[in-house]
There are 2 protein chains.
Amino acid sequence: MSEAEKREYLKRTPVFRGLSDEELDEIVPLLIERKLRGNTVVFHEGDTASAFYLVKTGRVKIYKVSPDGREQVLAILSDGQIFGDVPTFDGGPYPATAETMDDTKIFLIPREDLLGVVRRHPEIAIKVIAVLGQRLRQALELVRDLSFKQVPHRLAGLLLKLADEYGEETEKGTLINLSLSRQELADIVGTSRETVTRELKKMERNQLLRIDRRYITITDREGLKRWARL
Amino acid sequence: MSEAEKREYLKRTPVFRGLSDEELDEIVPLLIERKLRGNTVVFHEGDTASAFYLVKTGRVKIYKVSPDGREQVLAILSDGQIFGDVPTFDGGPYPATAETMDDTKIFLIPREDLLGVVRRHPEIAIKVIAVLGQRLRQALELVRDLSFKQVPHRLAGLLLKLADEYGEETEKGTLINLSLSRQELADIVGTSRETVTRELKKMERNQLLRIDRRYITITDREGLKRWARL
DNA sequence: GAATCAGAGTGACGCAAATCACAGCCGCTC
DNA sequence: GAGCGGCTGTGATTTGCGTCACTCTGATTC
């Protein structure tokens, strides 16, 4: 990938957006490109931070694991999104595990290099604050959902969010263009595979959506919103 | 409160710690002191941020409310701790409600004033990042607990945390020197009042602690840790 | 086309914890 | 001291959902 392309890429990124070309030229040489197969762990929760990551192509999931192996997904990241930011800046361990979901291209910037850049351009710190604030809001929304909403509502809410982010309009309704297994849906919502199956069926029976294998088409968005109690 | 006292106070605060006296002198005049009775709402979730707060005396709880009035407490803050930071820096609405638990003295700094200070002293931004990182880790721990642990373990974990933060050693064990009602404990752990009662009794029966009204003394810390599956 | 295997659907069952419904129990004030 | 209102403790009941134990489906490989 050429320098110029990398620069263009950085401009689409939440932390480096809005920097001048000269500033970006300082960052570009720090980018290290990596290709990863699907289901590759980038780092484990608890590892000490060595780098800051950016997703180029493919999807990366960030999750916590319970002692008995259950997963709670915190975020699924794709093009232009960053991860491993918190530990890079505060020096602590990664608070969750990061794993690729498909074949993926990522960039990484070694921690020390990035800290140098931020020291030289403190205005980046303001952007970082914005990103962390965003993350924190997200995390608190998850807390609210886990604490107050029951599974069917959380699931419906997830589908609506996925439709917004990855939806594609068809004559039947909004097709969620993101191939997730029942287990993956369960890990996001915080429930079991079986319950996802059952609740999806229930929604289908209520004419809210249509299921075809892994593809879900939302046919009644308003109804689904009511179902989600949103 | 005198200027000098305010300066000393700021030095004990996570964001302003480590600043020079001259820098602090710039901040001191921005501090506005407020006395609040117990159970006073400082701001509601969703309000647009007008200021940044610091706790002087008393306790402030930060929490989310469900549509039917249940509360999930995110943090209980006391001397020297700050709140309302995220929205102050990213300009969004407050992500949760803040309410005093007793008669309280707080300081506030209007948003615009604080942003001015940070613009003039970008090194504060680094501190802010550290605080947000800390908050985010905390929030993710809460997610983990809600998602993976069941109520008895969460409750035991809370007691251990309270013992660390507010504990006082006695000959009987560690007395938790913080008067919380069953309902408040329930709101922190994310359960019901009745369940807290029952689970506390269960721990008392198992010789892990002693209950005297609102005062809990932990008599077997190791046992309690095992109970918490920590 | 048989064999294999991961993912998906389904029913039965059990259990943690919420909810409901009361009955004490302090600390108030009048 | 009677009455009152906010916290507690307690049993009975309900329920949401996880778990278990299968079967079924549709790819993939031989």
Side-chain angles (χ1 to χ4, degrees), chain A residues 38-39 61 65-73 101-102 145-159 176 178-206 209-216 227-229, chain B residues 37-39 61 65-72 99 101-102 145-158 176 178-206 209-216 227-229:
Chain A
N39 304 313
K61 69 175 170 182
V65 204
S66 80
D68 53 315
R70 274 187 54 215
E71 294 183 6
Q72 172 68 56
V73 172
M101 300 176 73
D102 357 72
D145 288 355
L146 288 173
S147 189
F148 298 146
K149 292 188 189 171
Q150 27 203 40
V151 172
H153 311 137
R154 296 207 300 264
L155 182 57
L158 173 63
L159 294 179
I176 295 175
L178 181 70
S179 180
L180 293 171
S181 70
R182 302 291 125 116
Q183 185 61 60
E184 286 169 324
L185 288 171
D187 290 341
I188 300 173
V189 166
T191 183
S192 68
R193 207 208 82 221
E194 294 94 321
T195 299
V196 168
T197 297
R198 282 189 254 266
E199 292 302 329
L200 283 179
K201 290 250 141 163
K202 212 176 279 174
M203 292 187 232
E204 190 175 38
R205 257 182 270 122
N206 285 72
L209 45 80
R210 302 169 138 272
I211 306 171
D212 173 30
R213 297 289 298 132
R214 290 190 176 197
Y215 293 95
I216 295 169
W227 190 276
R229 303 219 189 295
Chain B
R37 309 234 120 254
N39 304 313
K61 68 174 171 184
V65 204
S66 81
D68 53 316
R70 274 187 54 216
E71 295 182 6
Q72 172 67 56
E99 182 181 332
M101 300 175 74
D102 358 72
D145 288 356
L146 288 173
S147 189
F148 298 147
K149 292 188 188 171
Q150 27 204 34
V151 173
H153 311 138
R154 296 207 300 262
L155 182 58
L158 172 64
I176 295 175
L178 181 70
S179 181
L180 293 171
S181 71
R182 301 291 125 115
Q183 185 62 59
E184 286 169 324
L185 287 171
D187 291 342
I188 301 173
V189 165
T191 183
S192 68
R193 207 208 81 222
E194 295 93 319
T195 300
V196 168
T197 298
R198 282 189 254 267
E199 292 303 329
L200 282 178
K201 290 251 140 157
K202 212 176 278 174
M203 294 187 231
E204 189 174 39
R205 256 183 270 121
N206 284 73
L209 45 80
R210 300 168 140 271
I211 306 170
D212 174 28
R213 298 288 298 133
R214 289 189 176 198
Y215 294 94
I216 296 169
W227 191 275
R229 304 221 187 294

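Letters A, B, ... are given to chains in the order of the sequence lines, protein chains preceding strands, and every chain is numbered from 1.
Note on R214(A): only backbone sugar-phosphate atoms sit closer than 4.0 angstrom, heavy atoms only; bases stay farther off. Among the atoms of the strands shown, only primed sugar atoms or phosphate atoms (P, OP1, OP2) are found under 4.0 Å from some heavy atom of S181(B).
Comparing the start and finish of the helix from dG1(C)-dC30(D) to dG27(C)-dC4(D), five pairs each, the helix axis swings through 30°, to the nearest 10 degrees.
Scanning atom types as modelled, one donor and one acceptor separated by under 3.5 angstrom connect the side chain of E194(A) and the base of dC20(D). Side-chain to base pairing of R198(A) with dG11(C): one donor and one acceptor N or O lie within less than 3.5 Å of each other. In this model, no side-chain donor or acceptor of R213(A) finds a partner on the base of dG7(C) within 3.5 Å. Within 3.5 Å, no donor on the side chain of E199(A) pairs with an acceptor on the base of dC17(D), nor the reverse.
Between L200(B) and G190(A), it is L200(B) whose nearest contact on DNA chain D lies nearer the 5' terminus.
Contact annotation: K201(B) reaches the phosphate of dT10(D) (side-chain N/O to OP1 or OP2, under 4.0 Å). The side chain of T197(B) contributes no N or O atom lying less than 4.0 Å from OP1 or OP2 of dT10(D). Proximity of T195(B) to the phosphate of dA16(C): no side-chain N or O atom is located under 4.0 Å from OP1 or OP2. Remark: R193(A) is not in phosphate contact with dA8(C), judged by side-chain N or O atoms under 4.0 Å from OP1 or OP2.
Separating the NZ atom of K202(A) from the C1' atom of dT10(C) is a distance of 13 Å, rounded to the nearest angstrom. Nucleotide dA17(C) holds its P atom 11 Å from the CG atom of L155(B), rounded to whole Å. Protein atom CG of L185(B) is 13 Å distant from nucleotide atom P of dC7(D), rounded to whole Å. Atoms CG (D68(B)) and C1' (dC20(C)) sit 15 Å apart, rounded to a whole Å. Separating the CG atom of L180(B) from the P atom of dG6(D) is a distance of 20 Å, rounded to the nearest angstrom. Rounded to a whole Å, the CZ atom of R182(A) is 13 Å from the P atom of dG26(D). Between R154(A) atom CZ and dC17(D) atom P the separation is 7 Å, expressed in whole Å. Going from atom CD of E184(B) over to atom P of dC7(D) covers 9 Å, rounded to whole Å.
In terms of modelled atom types and a separation under 3.5 Å, the side chain of Q72(B) and the main chain of S147(A) share no donor-acceptor contact.
Using a cut-off of 4.0 Å between Lys/Arg side-chain N and Asp/Glu carboxylate O, K202(B) and E199(B) are scored as salt-bridged.
R229(A) contributes atom CZ, which lies 12.0 Å from atom OG of S66(B) (distance to the nearest 0.5 angstrom). One distance of note links CG of L185(B) with OG1 of T191(B); it measures 10.5 Å at 0.5 Å rounding. The CZ atom of R193(A) lies 7.5 Å from the CD atom of Q183(A); values are rounded to the nearest 0.5 Å. How far NZ of K61(A) is from CE of M101(A): 5.5 Å, rounded to the nearest 0.5 Å.
For R210(A), the CZ atom counts as loosely surrounded, since its 6.0 Å shell holds 12 or fewer non-hydrogen atoms of other residues, nucleotides or ligands.
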